[in-house]
Undergrad: 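Below: one structure in structure tokens.
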Amino acid sequence: MFSTQFVLSFALLLSLPLLFLFAPRILPPKDAQITLPDELDDLALFRRATLASLHSPSTGTIRLGITNPKPKIAFLFLTNSDLSFAPLWERFFNHSHNLYNIYIHADPSAKLNPPGGVFANRFIAGKKTERASPTLISAARRLLATALLDDPLNSYFALVSQHCIPLHSFNYVYRTLFGSRFSFKFSHHFKSFIEILSDEPTLQDRYTARGENVMLPEVPFDRFRVGSQFFILSRKHALVVIKDRRLWRKFRLPCLNTDSCYPEEHYFPTLLSMEDPNGCTHYTLTRVNWTDSTGGHPHTYRPDEVSPELIHTLRESNSSSSYLFARKFSPDCLKPLMEIADTVIFRD
Ligand SMILES: *[C@@H]1O[C@H](CO)[C@@H](O)[C@H](O)[C@H]1NC(C)=O
Ligand SMILES: *[C@@H]1O[C@H](CO)[C@@H](O)[C@H](O)[C@H]1NC(C)=O
Ligand SMILES: *[C@@H]1O[C@H](CO)[C@@H](O)[C@H](O)[C@H]1NC(C)=O
């Protein structure tokens, strides 16, 4: 009796170091999980937004009545620190004839200096966000749902971060997205500007980052896509995203291999390439510089790199549209950017 107990305790003692060794692989990473109350909150919000769009006469499109309202762009700021470029955006929105709305999702644990002006009181109910976890997907979906509910005229939904800057005037951005006045009534034909790629060398590792075969059967490897986290979605596609339950069940699984796990770079491109590939451009309008990237972070521009030439270079694109936004810029780039705002950035 005594010896069995002894052997058992000894075995347990021995297995302790093993547990520590393998725990990070067995147990999901701490904090990165989405709690049930958070999930239920989100579901309720998504359901409200879905129902509202069913009952509103402008189901996914803008109805042109006698008042002939113009469609708006919803700017969705996803941040976990101060909106350092608020003054630059403020100037961007200054000549917009109010054809926009702003929504901000901030990680509640980040102590932000509340921005004023057009950003004042534009915060939505935010929850914790963390890299290498599905929380960034949830935050983007919360922004989309809130914007869908808030204003039926919101017709495009542009996700940006605190490190993004505009590369053109508001009017230029508006014309790029909506084209001529005439095309407003065909708003259900608006394409989403979202990058969708299938030829990334790291795709296999990213596919198995939640474990072998866990994405099946909903997401076979040959349907798995990657793309920039920053997109501009049409109203129709914003609804597709908040209605989805099928893929979310898979993408919400915690990352076991956090080095290869960027759920927000996969969920949106995979979902939209399955639901409506022809309704998407397959490229993003937000420029990012991946040269010499480290730890999944792109090049961050410093003040001494900011120049009129840089803005012109960042606009250049191989698609039919010029880039509209760029990232990442360090907060201290604000001063040199403001100096060239009117003469370069907002001059088209
Ligand atoms: C907005 O425009 C008005 C008039 O054109 C100008 O007086 C004001 O300074 C501008 N605000 C910003 C933040 O650029
Ligand atoms: C991209 O970043 C690299 C440094 O990582 C820099 O040398 C290069 O000039 C940048 N490219 C552009 C277009 O800004
Ligand atoms: C455009 O395509 C060329 C050739 O593939 C590539 O070298 C260049 O970097 C691309 N430019 C931009 C702005 O993406």
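In this chain, residues are counted from 1 in sequence order. Keep in mind that this is a model prediction, so the values were computed, not measured. Counting convention: from 1, in listed order, for ligands and their atoms alike.
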Undergrad: Is atom 7 (O) of ligand 3 touching the protein, meaning some protein heavy atom lies under 4.0 Å away?
TA: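 So far as the 4.0 Å threshold goes, atom 7 (O) of ligand 3 is out of reach of every protein heavy atom.
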Undergrad: May I ask you to check whether Ser169 and Asn171 show a side-chain donor-acceptor distance below 3.5 Å?
TA: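 Absent: no donor and acceptor within the cut-off.
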Undergrad: With clusters defined by side-chain heavy atoms of hydrophobic residues (ILVMFWY) lying less than 4.5 Å apart, directly or transitively, does Leu314 cluster with Phe92?
TA: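 Per the 4.5 Å side-chain linkage, Phe92 and Leu314 are co-clustered.
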Undergrad: Do Tyr283 and Asn318 have a side chain donor and acceptor closer than 3.5 Å?
TA: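 Their side chains do not contain a donor-acceptor pair, so the 3.5 Å distance test is not met.
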Undergrad: Just distances here: any N/O of Thr291 and N/O of ligand 2 closer than 3.5 Å?
TA: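 Min N/O separation from ligand 2 is below 3.5 Å for Thr291.
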Undergrad: How far is atom 13 (C) of ligand 2 from its nearest protein heavy atom, and which residue and atom is that?
TA: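 Checking every protein heavy atom, the shortest distance to atom 13 (C) of ligand 2 gives Thr313 CG2, 3.9 Å.
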Undergrad: Using the benzene-type ring in the case of Trp, are the ring centres of Tyr103 and His105 under 6.0 Å apart?
TA: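 Here the rings of His105 and Tyr103 have centres that are no less than 6.0 Å from each other.
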Undergrad: Output the list of atoms in ligand 3 that are nearer than 4.0 Å to some heavy atom of Asn318, sorted by atom number.
TA: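 Going through ligand 3 atom by atom, the ones under 4.0 Å from Asn318 are 1 (C), 2 (O), 3 (C), 8 (C), 10 (C), 11 (N), 12 (C), 14 (O).
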Undergrad: Please classify the Glu316 to ligand 3 contact at 4.0 Å (heavy-atom distances, strictly less than): side chain, backbone, both or neither.
TA: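 Glu316 to ligand 3: backbone contact only, side chain stays beyond 4.0 Å.
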Undergrad: When you compare the side chains of Ser317 and Ser319, does any donor N or O come within less than 3.5 Å of an acceptor on the partner?
TA: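 Note: Ser317 and Ser319 side chains meet the donor-acceptor criterion.
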Undergrad: For Asn121, does the CG atom sit with more than 12 other heavy atoms under 6.0 Å from it, leaving out its own atoms?
TA: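 No, not enclosed.
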Undergrad: Within a distance under 4.0 Å of any heavy atom of Arg287, pick out the atoms of ligand 3 and give their elements.
TA: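 Within the 4.0 Å cut-off of Arg287, ligand 3 contributes 13 (C).
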Undergrad: Which ligand 2 atoms does Leu310 reach within 4.0 Å, using its non-hydrogen atoms?
TA: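 Close to Leu310: 14 (O).
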Undergrad: In the protein, which heavy atom is nearest to atom 14 (O) of ligand 2, and how far is it?
TA: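 Answer, as residue, atom name and distance: Tyr301 OH, 2.6 Å.
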Undergrad: Protein heavy atom under 4.0 angstrom of atom 1 (C) of ligand 3, is there one?
TA: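 There is a protein heavy atom less than 4.0 Å from atom 1 (C) of ligand 3.
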Undergrad: So which heavy atom in the protein is nearest atom 11 (N) of ligand 2, and how far is it from that ligand atom?
TA: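 Protein heavy atom with the smallest distance to atom 11 (N) of ligand 2: Asn289 ND2, 2.9 Å.
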Undergrad: Over 60° means perpendicular and under 30° means parallel, so tell me whether Phe75 and Phe170 are parallel, tilted or perpendicular.
TA: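 Because their plane-to-plane angle lies in the 30° to 60° range, the rings of Phe75 and Phe170 count as tilted.
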Undergrad: Students should be able to answer this: which protein heavy-atom is nearest to atom 4 (C) of ligand 2, and at what distance?
TA: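 Heavy-atom neighbour on the protein nearest atom 4 (C) of ligand 2: His299 ND1, 3.6 Å.
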Undergrad: Parallel, tilted or perpendicular, judged at 30° and 60°: which one describes the rings of Phe224 and His266?
TA: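 The arrangement is parallel - the two ring planes meet at less than 30°.
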